[in-house]
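Here, residue 1 is the first one in the sequence, and each next residue gets the next number. One-based numbering, in listed order, for ligands and for the atoms of each.
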Amino acid sequence: RAKKEGHNRVCCYDEVADSKMMDYHYLSQDMDRALQEGEFVLYFQPQFSFATGKQTGFEALVRWAHKDRGVISPNIFIPIAEQNGLIIPISEFVLRKACQVASKWETPLKVAVNLSPIQMRQCAISDLVTETLLETGLDPKRLELEVTESLFIDINDEISADLLLLQRRGISIALDDFGTGYSSLAYLTSFPFDKIKIDRSFVQNLANDDSSMAIISAVIGMGKSLNMQITAEGIEDKRAYEILRLAGVDQAQGFLLGEPRDIEAEPEQTTQTPLLPRFEVA
Ligand code: C2E
Ligand code: MG
Ligand code: MG
Ligand code: MG
């Protein structure tokens, strides 16, 4: 039931955006104030190993807890922040907060942080990441950075070099939303990613669409041969979980296993012990 509610909630945010009820200019103008007043908050969604059923980490997902408008989805405000330039301070906040929170967990779970291609074209990410790790004391091996394919369409050597530098320091680089947009399997050879995240559109079409399974199998094959881990995102039902497990996907993420939540607002206990999936793994 919780799953259903969560799903509807996510849908509603996007529908609001689609119907243009959200005032782009208002949000753009109001963003600086929100940043000063601490309205941006991080939610964390758990990720699990298919092999062990144990939690491996959390993905940090930003929300705007607006004083009048309630919780606003990143799908709405990140594109605005990319245009008005506030993506830079918002990204700095997200990275710092994610590392701070993770450094306090008792179990050394990984934390994954999303990077914006716009942000990465504007400033060197390696300096920011290195400083933040020093400041928070988080082991670089526990940080994962998620980048999207759009970055690699016109990737320049500077960005590549920056990511490689971070990778040599132990940070892992994941390719997010794989399969959307311009993707082709050839992108997987454009950078030595540690991980590929299969987009949830394929995961959600698994049951009624043979071509989704064909794409997933191809990604798994290619990824394995390139020594990359595979995560499936957007797993909402047991059947998809089972199919993906049998297909050889390494990590699972989705509402079935856990929704993004404000773990800071929860009692300490829950964030300090690895969580198990909410159902029995066969
Ligand atoms: P993403 O990185 O692909 O994150 C996964 C999104 O899928 C999240 O949406 C998550 O809540 C949602 N999700 C997870 N499991 C399920 C499921 O089982 N079913 C369904 N229907 N959805 C699921 P969210 O949190 O709304 O974030 C949307 C996107 O906004 C993210 O997609 C990411 O691209 C971007 N984003 C979020 N936080 C940040 C951030 O701190 N920085 C940047 N640059 N982008 C961010
Ligand atoms: Mg992501
Ligand atoms: Mg994704
Ligand atoms: Mg996405």
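The contact set between ligand 1 and Ser116, taken as ligand atoms under 4.0 Å from a residue heavy atom, comprises 44 (N). Which parts of ligand 1 touch Val94 is read off a 4.0 Å heavy-atom cut-off, strictly below it: atoms 41 (O). Taking a cut-off of under 4.0 Å to the non-hydrogen atoms of Pro74, the atoms of ligand 1 that pass are 24 (P), 25 (O), 26 (O), 27 (O), 28 (C), 30 (O), 36 (N), 37 (C). Distances below 4.0 Å separate heavy atoms of Ile235 from the following atoms of ligand 1: 18 (O). The atoms of ligand 1 that sit less than 4.0 Å from any heavy atom of Gln45 are 14 (C), 15 (N). Ligand 1 places these atoms under 4.0 Å from at least one heavy atom of Glu236: 17 (C), 18 (O), 19 (N), 20 (C), 21 (N).
The salt bridge (Lys or Arg N to Asp or Glu O under 4.0 Å) contacts involving residues 122-131 comprise nothing, where partners must be two or more places apart or lie in separate chains.
Classification of Arg33 and Glu39 as a salt-bridged pair holds, one side-chain N sitting under 4.0 Å from a carboxylate O. Classification of Glu242 and Arg239 as a salt-bridged pair fails, no side-chain N sitting under 4.0 Å from a carboxylate O.
Within Asp176, OD2 is the N, O or S atom that lies nearest to the Mg ion (ligand 2). In terms of distance to the Mg ion (ligand 2), the nearest N, O or S atom of Glu146 is named OE1. Nearest N, O or S atom of Glu59 to the Mg ion (ligand 2): atom OE2.
With a 4.0 Å heavy-atom cut-off, ligand 1 is reached by the side chain of Arg200 but not by its N, CA, C or O. With a heavy-atom cut-off of 4.0 Å, Leu42 does not touch ligand 1 at all.
A distance below 6.0 Å separates the ring centres of Tyr26 and His66.
The shortest separation from a heavy atom of Gln204 to ligand 1 is under 4.0 Å, placing the residue in contact. Ligand 1 lies nowhere less than 4.0 angstrom from a heavy atom belonging to Ser91. Ligand 1 is approached by Glu233 to a heavy-atom distance shorter than 4.0 Å. Judged by the shortest distance from any of its heavy atoms, Arg63 lies inside the 4.0 Å radius around the atoms of ligand 1. Under a 4.0 Å heavy-atom criterion, Glu59 is in contact with ligand 1.
Taking 4.5 Å as the limit, every side-chain heavy atom of Ile72 sits out of range of all side-chain heavy atoms of Arg63.
A cation-pi contact, defined as under 6.0 Å to the ring centre and within 45° of the axis, is absent between Arg261 and Tyr43.
For ligand 1, one of its N or O atoms has an N or O atom of Val62 under 3.5 Å away. Distances between N or O atoms of Gln253 and those of ligand 1 include no value under 3.5 Å. For Phe255, a nitrogen or oxygen atom sits less than 3.5 Å from a nitrogen or oxygen atom of ligand 1, counting backbone and side chain alike.
Looking at Gln167, its side chain does come within 3.5 Å of a backbone N or O of Pro192 through a donor-acceptor pair. For the pair Asp250 (side chain) and Ile230 (backbone), a donor-acceptor distance under 3.5 Å is present.
When each of Leu138, Thr136, Thr132 is checked for a side-chain contact (heavy atoms from CB on, under 4.5 Å) with Gln100, only Thr136 meets the rule. Exactly one residue among Val113, Asn114, Val94, Val41 makes a side-chain contact (heavy atoms from CB on, under 4.5 Å) with Leu61. That residue is Asn114.
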Listed pairs under 3.5 Å, donor-acceptor, residues 139-146 side chains, sequence neighbours left out:
from, atom 1, to, atom 2, distance (Å)
Asp139, OD1, Lys141, N, 3.0
Arg142, NE, Leu109, O, 2.9
Arg142, NH2, Ala102, O, 2.7
Arg142, NH2, Leu109, O, 3.1
Glu144, OE1, Ser172, OG, 3.3
Glu144, OE1, Lys195, NZ, 3.3
Glu144, OE2, Lys195, NZ, 3.1
Glu146, OE1, Lys197, NZ, 3.4
Glu146, OE2, Lys197, NZ, 2.8

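At a cut-off of 2.8 Å, Asp177 is counted among the residues with an N, O or S atom near the Mg ion (ligand 3). The Mg ion (ligand 3) has no N, O or S atom of Asp199 under 2.8 Å away, backbone or side chain.
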Stepwise, does the side chain to side chain donor-acceptor pair (under 3.5 Å) test hold for Ser160 with Asp157? CA-CA 5 Å; Ser160 246; Asp157 293 345; 5.8 Å; no

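Using a 30° and 60° split on the angle between ring planes, Phe77 and Trp64 fall in the perpendicular class, above 60°.
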